[in-house]
Structures are given as structure tokens and as C-alpha cells.
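Take a look at the structure set out below.
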Amino acid sequence: MDKIASTISFGIGRSSGWDLEHPLFDSPQWDELPAFKQAHKGRTLKDTGQHQLGTVGSGNHYVDVCR
């Protein structure tokens, strides 16, 4: 459990700390809706998604532990 907690970010607005690329973020749809382009605290929705991808967050989220 200690290794999981030290590797994965838990909590609101946390960053994964990883440089993540995903095809989702290459979609032209990010430019189609005005709400996606608006910045909040210096970040667009796309920026926030890229920053938080790979975190657990603070809601009803969990980490599967398989062996």
C-alpha cells in the first residue's frame, strides 16, 4: 500500500507528475466548444485533463491491486 500511495496522486487537483500523451488530447473537438477553450486558473479543460490524467482524485475512485 505504501508503494501505491507514493506512486499515485490522490486528492483534488493533484498532478500525476508524469508527461502523459494520449490520442484523446489530439482530437479537433477540443477546439469546437467554447467551454473547452476557456481558461480557469490559467488552464484550459484540456490542460487540466492532461495534468490530472493518471491521478485518483478525491471522489469514488479506487486502485485495483492484482497479483
Problem set entry | Closest contact, heavy atoms only, Trp30 versus Phe36 | O-CB, 3.4 Å
For this session: Quick one: pull up CG in Leu45 and CD in Gln50 and give me the separation to the nearest 0.5 Å.
Result: 11.0 Å
Exercise. Is Glu32 atom CD crowded by more than 12 heavy atoms from other residues, nucleotides or ligands, each under 6.0 Å away?
Worked result: yes
Seminar exercise, completed: dist Lys46:NZ -> Leu24:CG (nearest 0.5 Å) comes out at 9.0 Å
Problem set entry | Nearest heavy-atom neighbours spanning Asp31 and Lys37 | O-CE, 3.0 Å
